[in-house]
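Below, chains carry the letters A, B, ... as their sequence lines are ordered, and counting in each starts from 1.
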Amino acid sequence: MGVEGIGARALRKEDKRFITGKGRYTDDIVLPRMGYAAFVRSPHAHAKVVSIDARAALEMPGVDAVLTGDQLVADGIGNIICGWMIHSKDGSPMNMGAWRALEPEIVRHVGQAVAVVIADSQGEAKDAADAVVVEYEELPAVVDPIAAMADGAPQLHPEAANNLIFDWDIGDEAAVNAAFEQAAHVTKMEVHNNRLVPNAMEPRAAVADYNEAEEHHTLYTTSQNPHVARLVLSAFYNIAPEHKLRVIAPDVGGGFGSKIYIYPEEMVCLWASKRVGRPVKWVCDRTEAFLTDAHGRDHRSEAELALDADNKIIAFRVKTVANLGAYMSLFSSSVPTYLYATLLSGQYDIPAIHCNVKTVYTNTTPVDAYRGAGRPEATYLVERIMETAAREVGLSPADFRRKNFIRSFPHQTPVIMCYDAGDYDATLDAALKAIDYDGFAARKAEAASRGKLRGIGMSCYIEACGIAPSAAVGSLGAGVGLWESAEVRVNPVGTIEVLTGAHSHGQGHETTFAQLISERFGLDTDAVSIVHGDTDKVQFGMGTYGSRSGAVGMSAVVKALDKVEEKAKKIAAHLMEAAEGDIQIEGGELKVAGTDKKLTFTEVALAAYTAHNLPEGMEPGLKEGAFYDPTNFTFPSGTYICEVEVDPETGKTAIISFVAADDFGNIINPMIVEGQVHGGLTQGIGQALLENAAYDENGQLITASYMDYCMPRADDVPSYQLSTHVTECPGNPLGMKGCGEAGAIGSPPAVINAITDAINNNDLTMPATPEQVWQLCQGSMKMAAE
Amino acid sequence: MYETNYHRAGTLDEAASLFSKSDDPKFLSGGQTLIATMKQRLAAPSDLIDLGHVPEMHGICEDGDAIAIGATTTHSEVAASELVRSKIPGLAKLANGIGDPAVRHMGTIGGSVANNDPAADYPSALVALGATVSTNKRSLPAEDFFTGMFDTALEEDEIIVSVTFPVVEKSAYAKYPNPASRYAMAGVFVAKHKDGSVKVAVTGAGQDGVFRVAAMESALSSNWSADAVADISVSADDMMADIHGSAAYRANLVTVMAKRALEAAG
Ligand SMILES: Cc1cc2nc3c(=O)[nH]c(=O)nc-3n(C[C@H](O)[C@H](O)[C@H](O)COP(=O)(O)OP(=O)(O)OC[C@H]3O[C@@H](n4cnc5c(N)ncnc54)[C@H](O)[C@@H]3O)c2cc1C
């Protein structure tokens, strides 16, 4: 690989094993005497569990046990919790209903587990699960969050009257109302953010192994944050004390947030392994994934933007109803609140903002953070209404945005966030140039000559990453701190292991983290290995989500590297009889400035471990750890412009070009960043055009397979044109902001703005299915004829 | 998947006799529908009788003024066949647009026709081209073979051996794919036969599976052009409706795809 420091397009070290099928995923783990779990799941969205009869199942070949919720509760296994406390505006704590890993009394969504079968093979377990007879008494179900709040609607949890979990707000309502009184123009719209299914390539899986003699559990699982999993399993679910529970997340094949949470199935495997006295494996099938992986988004909002006579924004008012599904998943409460409403200022200088958020239980799969988590919902709202307002007042979308851009930093918004750095004109200029905005009219005319409707739309997004200063999130209700840890372990031969509390589930940490060491010491990236994903190997860490592994995780590595460098320099200075300040590290060597004296990094490492000749009082060894607590969020931003062609005869939208101009701060590996942007944009285009988790009125998920749930494919997206523009993030040592979610956050409004421009009709909701677009074209054609 | 017994038949007779001896058997061809259904535990045959190794059921050959395609011939073989491409280009194009490369390399014409999925592509070609379905018991015209959604004239133990397509003067297929599954939401096959007659068959849209559009056929017999069908629409009352498209939308797609097929046919 060679010496590949910060900024190098280093090829991914992990790809050889992924591409050649040599990755080690949870399902690859096979233990002696292992049994297989299959879950018995509710076919109803809402029903009383009257009885569970496992007699026939227990008679079937290979069946070891059938376990139910009554046994789980009797064994003292705790309820599944939400780890972020939100208080309603009246000061009352959120109304959280009980969620049990196996439900003994009332099921509240299709697919909820009521029992588990453990058998000698997966096939036998599934056959027996089919043979467990569960008698249900159906209850009326509600899937629409607005309907769920109405008097007389089916009630999910006794704790939450009218299914309302909390009624929260942010911002100065009086100031906003006063500003609206003065407005020269008000733009008003309803915006629906469609529900999505995360669809990681690797489904969730668990292998739980209880060792009776040591009273010790091991859990192999698909986790983005194995330490958090261990903490929650131990502290809240009473599985075992932390030192008696090892959580290993081996290679993880994607997550997009869905693998942050602790789900019923993984817990049940741990509990069942102890109960049946053998290791227990469960691998989620795709249908189970659709029904039980935490879904994303699902917001309904009303937004109003007030402008003065000069088209400057004077206030923004938003009311949102967020559907959290049947239970509160681990971080579900934070997504539609602090990860959402705090971003409603966008890139704009808005003096007053007020947002009210009501979160609601419905008989649907629980909803939690999904790539972007709250920020896509905020960005969609802001950028749709910005485009709409520009059209209403007759300004070009770019000019209207420029008129309102924030240009001086730090900038305190009215919704908590304090933006530290950015240059919004730079990314807007770059995107306009890249797409040849000025040539659009000609392209539109040419398309019209072929019977196609061409449109262009933009989105100037901002998001918040690197979550986040622990004291700040603590004051907002988080149950954990959000720092990160690292240990840099130099071996006696000078090779290096970096232990990080972040955990890659596809992001390429083994490459990018190694580049930091290559940069610092001039060592080959092959001399570095990254250790992560195992609570017995790695010190406590918070995991990977919210684009935090770079800005937070790498900052911890940098702090540890500072300490290693300092000690190595002391040893080198001592050995070469030079002043510490004269030691320079270059190309894998420690040199005395201005002389030809030098030692290789290996020689210094060996000296640290032989300890034959160390400075007076120095401890042997070369290994340092650090914890890094962020000083602020980081604020990636940029402009995305999308150009589409709509076929009015079929309503099909083709994305002709898509340009992204992003400011991610400093970049460690541009190739990996481009990969993140490509994936993010594709997910965002998926949300805008194709993806939708649709329920019927009885709470059945209609789109529960790829026959009906439309994932974006290569031919749905164009070849992206990307560029990056750096304003350094002042808050962390590497000046990084984060790039993992921006694509998914910024792209949906660009696509929808482009289509509404093409068809000259703003009534479009996501996903912009061909039928919907065709219907709107019919309407527009009729209007034109009349 | 439930437990099942796998048998590989070497001849047609062996396949038939294996079938008669089994409890609840199913013939297996490319498995692209059947195996997926079994994996979802929606089908549980006691025995699978694999037809993929019966020599006379495989391959493409010219048969006078027609092309005979063996039942186990894959979609990719049909798509790549020089013979099909030169004589019935619409058929090769249709085969090349089924599913994805993996599906096309496994899925077969016999399996597709036997399954008669209302959104499958092949039924439109069989009907528009006036193909003949030959089984181990008889031969019957395509229009008598397809009897409704997922329904055919096949008896339980009857095996499709081949499908014979007459060579036509002009043929083309235009498909509007379901965005998720990429099966047809409306697939229109147009064929101008050597005797001057025209057939237009539609798949994906109709409530009862493949159907012909008489009004388009008569318009096209006097004027073979996209313009001739541009104002002819099918009734939305007979169309399927689901989350991907209402009946009215599907009816619109039938007209649009018919126009595009004619533009492609030249
Ligand atoms: C991802 C995916 C996408 C697809 N997309 C499309 C698409 O766009 N368009 C489309 O048309 N199809 C599509 N298909 C279906 C595909 O074309 C299959 O090939 C076809 O439906 C079945 O053919 P098979 O050879 O796989 O049959 P099998 O699955 O093996 O069998 C299907 C049925 O036919 C019976 N059968 C098979 N052969 C015979 C025979 N010779 N005689 C009597 N009965 C027989 C079987 O018993 C079974 O009931 C798709 C499939 C998949 C998995």
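When each of M711(A), K126(A), R286(A) is checked for heavy-atom pairs under 4.5 Å with chain B, K126(A) comes out on top. The candidate with the highest count of non-hydrogen atom pairs below 4.5 Å against chain A, out of K39(B), R182(B), E3(B), H244(B), is R182(B). For the set D715(A), L689(A), L690(A), the count of heavy-atom pairs under 4.5 angstrom toward chain B peaks at D715(A). With chain B as the partner, the residue from D647(A), D716(A), I702(A) showing the most heavy-atom pairs under 4.5 Å is D647(A).
Neither the backbone nor the side chain of T769(A) comes within contact range of chain B; no heavy atom of the residue lies under 4.5 Å from a heavy atom of that chain. Contact annotation for R250(B): neither backbone nor side-chain heavy atoms come within less than 4.5 Å of a heavy atom of chain A. With a 4.5 angstrom heavy-atom cutoff, Y249(B) touches chain A via backbone and side-chain atoms both. In this structure, no portion of D696(A) lies under 4.5 Å from any heavy atom of chain B. For chain A, the nearby part of K259(B) is the side chain; its heavy atoms alone come within less than 4.5 Å. Proximity to chain A (any heavy atom under 4.5 Å) is shown, for M185(B), by neither the backbone nor the side chain. Of the two parts of N692(A), neither the backbone nor the side chain holds a non-hydrogen atom closer than 4.5 Å to a non-hydrogen atom of chain B. Neither the backbone nor the side chain of T255(B) comes within less than 4.5 Å of any heavy atom of chain A. Residue N178(B) touches chain A through its side chain alone, counting heavy-atom pairs closer than 4.5 Å. With a threshold of 4.5 angstrom between heavy atoms, D285(A) does not approach chain B through any atom at all.
A side-chain N or O of T365(A) and one of Y695(A) form a donor-acceptor pair less than 3.5 Å apart. Looking only at atom types and distance, the side chain of E691(A) has a donor-acceptor partner in the side chain of Y709(A) under 3.5 Å away. Side-chain atoms of N193(A) and Q687(A) form a donor-acceptor pair, as typed in the model, at a separation below 3.5 Å. E645(A) and T653(A) are not linked by any side-chain donor-acceptor pair at a separation below 3.5 angstrom, with hydrogens and angles left out of the test. Between Y706(A) and N199(A), the side chains place a donor N or O and an acceptor N or O closer than 3.5 Å (distance only, hydrogens not considered). Side-chain contact annotation: T292(A) with R204(A), donor-acceptor N/O pair under 3.5 Å present. T37(B) and Q40(B) share no side-chain donor-acceptor pair at under 3.5 Å. Between the side chains of Q775(A) and E771(A), a donor-acceptor pair is found at a separation under 3.5 Å. Side-chain contact annotation: H7(B) with D50(B), donor-acceptor N/O pair under 3.5 Å absent.
Remark: R41(B) engages D127(A) in a salt bridge, criterion side-chain N to carboxylate O under 4.0 Å. The residues D27(A) and K281(A) are annotated as salt-bridged, a charged nitrogen and a carboxylate oxygen being separated by less than 4.0 angstrom. Electrostatic pairing of R260(B) and E649(A) counts as a salt bridge here, judged by a charged N lying under 4.0 Å from a carboxylate O. With salt bridges taken as basic N to acidic carboxylate O contacts below 4.0 Å, none links D24(B) and K26(B).
Contacts from residues 112-127 of chain B to chain A, taken as heavy-atom pairs separated by less than 4.5 Å, involve no residues at all. Among residues 207-224 of chain B, no residue has any heavy atom closer than 4.5 Å to a heavy atom of chain A.
Counting only heavy atoms from C-beta outward, the side chains of P25(B) and P45(B) never approach each other to under 4.5 Å. In this structure the side chain of Q683(A) reaches within 4.5 angstrom of the side chain of F256(A), judged on heavy atoms.
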Handout entry: Evaluation steps, ring pair (Phe, Tyr, Trp, His ring centres under 6.0 Å), between W282(A) and Y36(A)
Key = CA-CA 6 Å; W282(A) 170 74; Y36(A) 293 80; over 10 Å; no
